[in-house]
Amino acid sequence: MPVHKSVKKITTHVLNEMKLKGEKIAMLTAYDYSMARILDEAEIDVILVGDSASNVMAGFDTTLPITLDNMIYHAASVVRAVKRALVVVDLPFGTYQGNSKEALASSIRIMKETGASAVKLEGGQQIEESIERILSAGIPVMGHLGLTPQSIHKFGTYVVRAKEEEEARQLMDDAKLLERAGCFAVVLEKIPAKLAEEVTNSIRIPTIGIGAGPKTDGQVLVLHDMLGITQEFSPRFLRRYHNLYSEIKGAVQTYISDVRTFKFPNEKEQY
Ligand code: KIV
């Protein structure tokens, strides 16, 4: 029986076993109770309460403005819905970089106030101390390398990262460092498929790709993108599994028309 079918609850150890057995890990983002419930009942392995909430829930251009309090609100809503999936929460920009004590305090707030199972941080060597301090408190950490959206003002654009040899070598070193430090998995965002494959084969912890080709141990997408709720974001790696934007808009237009033409409510829809 596949590992993910043989367990009632996905843990970081289950993800490791899945990698060992060559079973792919499916991860999606969620930010609220109702969506998280659907994802969990569909048997998604990992739910990421991503700081992409800053874009898709709050309408900001970047992930930078979202606060720790905002993330805690989203994560607690998600956790209330979830029975099976592993829930991982992004530490937002400004709550861990450059200060490992603050990184630990932010992670403790997330764990205490949401009931989530792990945190995710962006970066490699520059946040090593923060990762070690969080891990020393028994909090599992997921890494994130490649295109790290919290550093968008340093990169200047959202183009593919690590195409050049030097950046690719640095990314490989960072992946090994995250493994050594004790991270249980690492997200690889928007890097060449070949490099993602090499990283995946070079570390024992699972890699979860987004725009990183088919050879990572798992895949992640932003829920609102893969459901076609967001319209303007269309990178090559994004597969839209639905066009919910049109479906919802159509339903709302039908409702408006029914209200205006006295079709809603009908005789059965009243007391
Ligand atoms: O915030 C997020 O949604 C993420 C994923 C894109 C990996 O970090």
Side-chain angles (χ1 to χ4, degrees), residues 15 24-32 35-36 39 44-68 70-75 77-78 85-97 106-107 110 114 116 118-124 127 131 140-152 155 158-162 171 174-175 178 183-191 196 199-200 205-213 216-227 229-230 233-241:
L15 299 185
K24 293 283 185 184
I25 298 163
M27 170 161 138
L28 281 172
T29 65
Y31 319 99
D32 67 278
M35 286 290 191
L39 266 55
I44 195 79
D45 299 312
V46 185
I47 294 181
L48 171 66
V49 185
D51 59 359
S52 49
S54 181
N55 307 106
V56 298
M57 300 302 287
F60 290 113
D61 283 342
T62 71
T63 57
L64 275 64
I66 199 159
T67 65
L68 186 57
N70 294 156
M71 289 303 295
I72 287 172
Y73 171 79
H74 287 299
S77 309
V78 165
L86 180 83
V87 178
V88 182
V89 184
D90 264 336
L91 280 190
F93 176 69
T95 65
Y96 63 97
Q97 294 96 338
S106 308
S107 305
I110 286 182
T114 74
V119 295
K120 175 164 85 59
L121 282 70
E122 295 183 3
I127 55 156
I131 292 174
V141 175
M142 178 181 270
H144 185 155
L145 298 172
L147 178 67
T148 45
Q150 292 179 11
S151 305
I152 186 59
F155 298 146
Y158 287 100
V159 295
V160 181
R161 304 302 315 173
L171 189 140
D174 279 339
L178 293 180
C183 289
F184 71 87
V186 56
V187 168
L188 300 176
E189 180 163 353
K190 223 171 171 186
I191 62 170
V199 171
T200 301
I205 56 173
T207 57
I208 315 282
I210 172 164
T216 50
D217 299 305
Q219 297 290 329
V220 56
L221 285 175
V222 169
L223 184 68
H224 290 60
D225 297 337
M226 61 83 78
L227 290 179
I229 297 175
T230 50
F233 183 65
S234 277
R236 187 199 298 187
F237 68 76
L238 174 60
R239 186 178 297 178
R240 288 194 202 283
Y241 286 83

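Atoms within each ligand, like the ligands themselves, are counted from 1 in listed order. Keep in mind that what you see is a predicted model, and the values were worked out from it rather than measured.
Residues Asp225 and Thr230 bring a donor and an acceptor atom of their side chains to less than 3.5 Å of each other. Side chains of Thr67 and Asn70: a donor-acceptor N/O pair is present below 3.5 angstrom, by distance only.
The residue among Ala30, Gly146, Pro149, Ser52 with a heavy atom at the shortest distance from atom 2 (C) of ligand 1 is Ser52. Considering Ile210, Val88, Thr29 only, the shortest heavy-atom separation from atom 6 (C) of ligand 1 involves Ile210.
Of the polar atoms of Glu122, none of the N or O atoms is found under 3.5 Å from an N or O of ligand 1, judged by distance alone. Annotation: Tyr31 places no N or O atom under 3.5 Å from an N or O atom of ligand 1; distance criterion only.
Distance from atom 8 (O) of ligand 1 to its nearest protein heavy atom, with residue and atom name: Lys120 NZ, 2.9 Å. Among all protein heavy atoms, the one lying closest to atom 4 (C) of ligand 1 is Leu48 CD2, 3.5 Å.
Residue Tyr158 places its OH atom among more than 12 non-hydrogen atoms of other residues, nucleotides or ligands, all under 6.0 Å distant.
Residues Glu122 and Phe93 have side chains not in contact (no heavy-atom distance under 4.5 Å, counting atoms from C-beta outward). Considering only heavy atoms from C-beta on, Gln97 stays 4.5 Å or farther from Ser151 through its side chain. Considering only heavy atoms from C-beta on, Gln219 stays 4.5 Å or farther from Arg239 through its side chain.
Interface atoms of ligand 1 facing His144, defined by a heavy-atom separation under 4.0 Å, are 8 (O). Less than 4.0 angstrom separates some heavy atom of Gly50 from each of these atoms of ligand 1: 1 (O), 2 (C), 3 (O). Annotation for ligand 1: atoms under 4.0 Å from non-hydrogen atoms of Asp51 are 1 (O). If you number the atoms of ligand 1 from 1 as listed, the ones under 4.0 Å from a heavy atom of Asp90 come out as 1 (O), 2 (C), 8 (O).
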*asked:* Phe233 vs His224, test: ring pair (Phe, Tyr, Trp, His ring centres under 6.0 Å). Steps then yes/no.
replied: CA-CA 10 Å; Phe233 183 65; His224 290 60; over 10 Å; no

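Side-chain atoms of Ser106 come within 3.5 Å of backbone N or O of Thr95 as a donor-acceptor pair.
For Met27, the closest heavy-atom approach to ligand 1 does not fall below 4.0 Å.
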